[in-house]
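One structure is given here, and the rest of the page talks about it.
Position 1 is the first residue of the sequence, and the numbers go up from there. For the numbers below, each heavy atom of this structure counts, side chains included, while hydrogens, waters and symmetry mates do not. Since the structure is predicted, the reported quantities are computational estimates derived from the model, not experimental observations.
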Amino acid sequence: MSKNKKSVLSDIGNYSIASFATQLITLVAGILTRRFLGPTQMGIWSLLQIIVIYSNYASLGATEAILREIPYYEGRGEKHKVHEIKNQVFSFSMLTAFVISFGVLLYAFIFRPHLSEHVFYGLMFVSALVILQRINNLYISFLRGFKHFTLASTQMIYSSIVNALLVAVLSLRFQMYGFMWALCLSFVFNIVYVHAHVQFGFRWELDWRKVGELIRYGFPLMILSIIDTIHLSIDKIMIAKMVGVTQLGLYTVALLSYSFLGKVTSSVGIVLVPNLHQKYGEREQLSDLRDYIVKTVTAFSVLMPLLIGLGSIWIAYLARFVLPDYLDSIPPMRSLILSAFFLSLFHPFSYLMTVMRKQTWLVPIISLACVLAIVGNFIVLRANWGITAVGMVTTFVFAVKFTIVYFKSGPAIMKKPEVIWLYLNILFKFVFLVAVLVGIWYLMPNAETSFTKSLMGSAVFAVIYLPSGIKTAHELGVLQRLRRKFFTPRMPEDETDHE
């Protein structure tokens, strides 16, 4: 195995482990938040959070250059271009963040007579969060773009610990306001920590022609991100509108579980994206990317069923003790969490499209997903099928979205028979996952009420998936790397790193 592939695998492994640990801590913090705030205040925060999320798009796609153009020009050896992109992106992004923050403040004061106390003061916090989050996101993105994944992994773990402690202390005492203070202080910690370890040497440079070039490259990606965010927000907006913020508060537990798994898979993408662009920048041959994509998909198709299965069992069990007010969230959690399977497989092929400079293909695909989500959610909510059916709709839509992207990009790196065979293999694994879960729930109904039943269910699930997990780990070289790392005497680099 080449040194480059070893480095990528090492970064993916370390970053994924850090991400998994971070998500466990974040999951605990999320559970505490929902316990301290309750469904109604949690629903209000979910609506305010939409502003913070959408504010990221004010940079008009210029920030997309960090993870894509910077490593691409690094691969080509054009250092001057790298520094130029870094400074232009930082300056333009911060300018737009201040404009959005001012706009939020202006709106809050103009419409204060029509806003509740929680919403008004929530908007005050949001105006600060917009700026703090932008600085935080830029620092983290530059860590990833310049491939400082060891520091990024360490920062991520420390950040989650600090955030969990702040949320636990401040949310308990001050509820929603305390939670928002915790978010602000968490961002401040991240910024200080990264700056103390690496200085990127930002300079304020605003050349509108160069900014325009970055926007032309990143704007289609930003549009995709906006549409994708709309897609991910549709269920929250429609639930709040059609059945109320209390039901939305219950649905946030399902979203918490889904988000946990989604971030575990996106951690691989965070490492994969800059490496794909840097590798492609060396020779501009798509065939060089085949192993990166196929091996990632193979790993996810085995890892995600294991995480989904164990998550659906233990999250339900723990919810009975730590979130007694959210017991009705268990069925929607189990239906929504399945969508993480297709989400994990969608990402690698969407990354491939951006490397191919075919990101505009994704616009109609994700737009179709939005339409399907709106229609599907409207039908099930209007029919009073509840938020569990909303989770099912989301899983179906993600399956459709993955399928289209797969067949649009897969043939660029695989032959047609391999494309078809891999897709059928993926579908079989999903159907098998659902069958195993349904079987466990049928044989052990209300397993979440008993620790023994939950333990038995997870043991059965683990035994079923253990053979395929070991086989995949062997094929990807994971077992060999662990054996070399822990049981083989360390050899000089030039004696061990050969093709």
Side-chain angles (χ1 to χ4, degrees), residues 5 8-9 12 16 64 67-68 71-72 218 220-225 227-229 231-232 261-281 284-305 338-370 372-373 394-430 472 475-476:
K5 288 184 179 178
V8 174
L9 285 176
I12 288 176
S16 297
E64 298 293 341
L67 292 180
R68 293 170 173 85
Y72 175 77
L221 292 171
M222 186 203 71
I223 295 298
L224 290 172
S225 188
I227 298 173
D228 202 34
T229 302
H231 175 211
L232 297 176
L261 295 183
K263 288 181 179 179
V264 169
T265 60
S266 67
S267 66
V268 175
I270 287 168
V271 178
L272 195 61
V273 168
N275 281 286
L276 287 176
H277 284 268
Q278 184 171 357
K279 184 66 177 177
Y280 183 68
E284 297 194 349
Q285 295 291 324
L286 289 174
S287 58
D288 294 343
L289 309 180
R290 181 191 177 281
D291 281 352
Y292 290 102
I293 301 296
V294 173
K295 287 185 176 180
T296 300
V297 169
T298 301
F300 277 151
S301 66
V302 174
L303 174 65
M304 292 309 296
L338 291 170
S339 64
F341 178 85
F342 291 109
L343 175 66
S344 68
L345 303 179
F346 166 81
H347 284 315
F349 290 100
S350 66
Y351 301 149
L352 177 60
M353 280 189 170
T354 62
V355 175
M356 296 163 59
R357 305 280 173 159
K358 301 293 185 181
Q359 56 264 35
T360 53
W361 291 359
L362 292 169
V363 173
I365 296 172
I366 301 179
S367 298
L368 174 63
C370 289
L372 290 176
T394 302
T395 298
F396 170 75
V397 172
F398 270 111
V400 173
K401 187 166 71 169
F402 159 71
T403 299
I404 299 174
V405 169
Y406 176 82
F407 282 106
K408 289 291 291 185
S409 61
I413 58 172
M414 294 181 287
K415 295 180 180 179
K416 187 175 180 180
E418 186 180 6
V419 171
I420 296 174
W421 171 251
L422 181 59
Y423 181 73
L424 293 176
N425 183 265
I426 289 170
L427 284 187
F428 172 78
K429 288 178 178 177
F430 179 75
T472 302
E475 291 174 350
L476 297 178

Self-check item: Straight-line distance of Ser409 OG to Ile404 CD1, nearest 0.5 Å
Solution: 11.5 Å
Practice problem: Sequence neighbours left out, what passes ring pair (Phe, Tyr, Trp, His ring centres under 6.0 Å) with Phe346? Give chain and number order. | Solution: none
Exercise. List in chain and number order the residues that pass side chain to side chain contact (heavy atoms under 4.5 Å, CB included) with Ala412, two or more places apart in sequence or in another chain; answer none if no residue qualifies.
Key: Leu286, Met356
Quiz item: Counting only heavy atoms not in Phe428, do more than 12 fall under 6.0 Å of its CZ?
Solution: no
Self-check item: Residues that Ser339 engages under side chain to side chain contact (heavy atoms under 4.5 Å, CB included), provided they are two or more places apart
Solution: Tyr258, Leu336, Thr394, Thr395, Phe398
Exercise. Work out which heavy atom in Lys408 is nearest to a heavy atom in Ile365; give both atom names and the distance.
Key: CG-CD1, 4.5 Å
Quiz item: Does Phe430 reach the side chain of Leu338, with side-chain heavy atoms less than 4.5 Å apart?
Solution: yes
Exercise. Could you tell me the separation between the NZ atom of Lys401 and the CG atom of Leu343, rounded to the nearest 0.5 Å?
Key: 7.0 Å
Exercise. Any pair with a residue in residues 416-426 that passes side chain to side chain donor-acceptor pair (under 3.5 Å), sequence neighbours left out, goes on the list, sorted by first then second residue, please.
Key: Arg290-Glu418, Thr403-Tyr423, Asn425-Lys429
Quiz item: Ile426: what forms a side chain to side chain contact (heavy atoms under 4.5 Å, CB included) with it, not counting sequence neighbours?
Solution: Val297, Phe341, Leu345, Phe402, Leu422
Quiz prompt | Spacing of OG belonging to Ser350 relative to CD1 belonging to Ile366, to within rounding of 0.5 Å | solution = 7.5 Å
Quiz item: Of all heavy-atom pairs between Phe349 and Ile293, which one has the smallest distance, and what is that distance?
Solution: CE2-CG2, 3.8 Å
